[in-house]
Amino acid sequence: MIRLYDTARGEVRDLSLRTPGQVSMYVCGPTVDNLPHLGHGRFTLVWDVARRWFTFQGLSVHYVMNITDVDDKIITRARRESRSETDVAAEFEAQWWDAMDRLGVVRPDDSPHATDYVPEMVELIASFVERDVAYVTSDGVYFDVATVPDYGLLAGQPLGSLRAGARVEENDEKRSPLDFALWKNVKPDEPSWPAPFGEGRPGWHTECVVMSLGLLGEGFDLHCGGLDLKFPHHENERAQAEAAHRAFARHWAHNGWVMVGDDKMSKSLGNFTSLTDLLEKTDPRAYRLLVLRSHYRSPIDISPSSIADAERALERLDALARRFDLPELGGDHFELASSQPWAEESLELYERVVAYMNDDLNTPLAVAGLFDALSAANASADEGHLASARRLAQAINSLFGAMGLALLASSHPIDEAAGQLVRERDAARAAGNWADADRLRQELVVRGWIVEDGVSGTVIRRP
RNA sequence: GGCGGCGUGGCCGAGCGGUUAGGCAGGGGCCUGCAAAGCCCCGUACUCCGGUUCGAAUCCGGACGCCGCCUCCA
């Protein structure tokens, strides 16, 4: 049984599925107004790991992540750069998928665009207006939060205790400062759609309700996102579903954020680091390993030194892959736990990892267990128990693969010249000619190879 | 003002009453012609003050410090 923290209840509980064996999950995706930042990287990695784990455990997963392609910031950027909103959105969506591919994040089964669902949103908003849970003002349509009795559930606070509108723009037409915009009336030069309550564009909170229910159906299993979406975004989604009398997410799950020093990384603080930038400079697996090494609900600090730390750890993992010539997993490979030959050597490890992962995705403990096993596999091989060590190494590879982390054995192909140097060096070593052997090693090093002497001779690889 | 989280060894980071977390860095050793890789050993930490308990990093109370949400944000 998989257990997961449910934000709505404030406790870890059994993941109770609408349909046994099938997980429907909706993850709040990016607004494509800029390059993805580290925070985007974390949430996609966290939920990618969850999705992979569910799949590995034999569940069939329907994974939906939206793309918000109509938004104030997109419009602002388009104005500033004198181009169309669709152009801006297309550019940054392409950047988004590029970053996701490099991170090794599996593509969602569906990635709906807000602009493709406007008629459905209009219909929903119209029904709210009709039933007076929403009202029209001079600048748009607002949802009346007072009509939802348990508004504030996700915030963990009743409506009355929310410090309503302390820093929100004054708007005398709103019945409550907490009321949120469902629809924004058209302004000159802005994208807009027709609606019975006036030409305009949808507010942010409606798209996710319409798209999640549209693609996953009522009472879908899991609604995920960054902790900062808990309130008000997710609360507002929930409020709309309540108002529409449609069963919404059975579980709510939120990941912690990325910190920069002691502060949260955020757009408003302007202290965000581009994910695209990070991925160009470092092994993308390093970020995944950092995410795995901390709990998904804890904040993580991403810095050059923590990345470097992870890259060093990856070297040790790759050394295992080289030693046992392990196949590369991760990427779009989806293995199933049930298809693995959990041999005597690996069964305990497997059961340990399963116990950790199924307990609210405790990846740090799982990773710790895998590193323990890594030492054990190497030690076992050092003692000459090669077949047994290999089975354990294969299990380690499978389990890291289940979390989307690839162990890489292969490096660059060895060119003719390097191969010749290797042969010469082996001959020199066989002859006990250490001076030549050292000289030939140096030549290989100069050519960018890492030289290691194995039992069967010189082995070279790229760093 | 309301609500929530956090303070762990050089750094990162688990932990949910008692058994080694783990990683990185550092020291020692084994192996090796020398290296590299690998393995073994080593740090004995938990903001502070009380309390509960045979026993607390872990529970309770208090203090101090830090962060976040209540507003666009993953």
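Computed from a predicted model, the values in this text were never measured in an experiment.
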Once you apply the 3.5 Å cut-off to both distances, tell me the Watson-Crick or G-U wobble partner of [N], or none.
N	value
C31(B)	none
G18(B)	C54(B)
G10(B)	C24(B)

Next item on the list: Considering only atom P, compute the distance from U52(B) to G26(B) and round it to an integer number of Å.
Entry: 46 Å
Checklist line | Whole-angstrom distance between C42(B) and G33(B), as gauged at atom C1' | finding: 29 Å
Classify [X] by what it touches in the nucleic acid, base, sugar-phosphate, or nothing, heavy-atom distance under 4.0 Å.
X	value
G256(A)	base
D228(A)	base
N255(A)	base
S294(A)	sugar-phosphate

Next item on the list: Choose from A74(B), A14(B), G33(B) the nucleotide whose nearest atom is closest to any side-chain atom of S298(A).
Entry: A14(B)
Item checked: Listed nucleotide nearest any side-chain atom of R316(A), set A74(B), G15(B), C39(B) -> C39(B)
Checklist line | Contact under 4.0 Å: S375(A) side-chain N or O vs C39(B) OP1/OP2 | finding: yes
Check: Parallel, tilted or perpendicular for F180(A) and H205(A), by the 30°/60° rule?
Finding: perpendicular
Checklist line | Parallel, tilted or perpendicular: ring planes of F220(A) versus Y26(A), cut at 30 and 60 degrees | finding: tilted
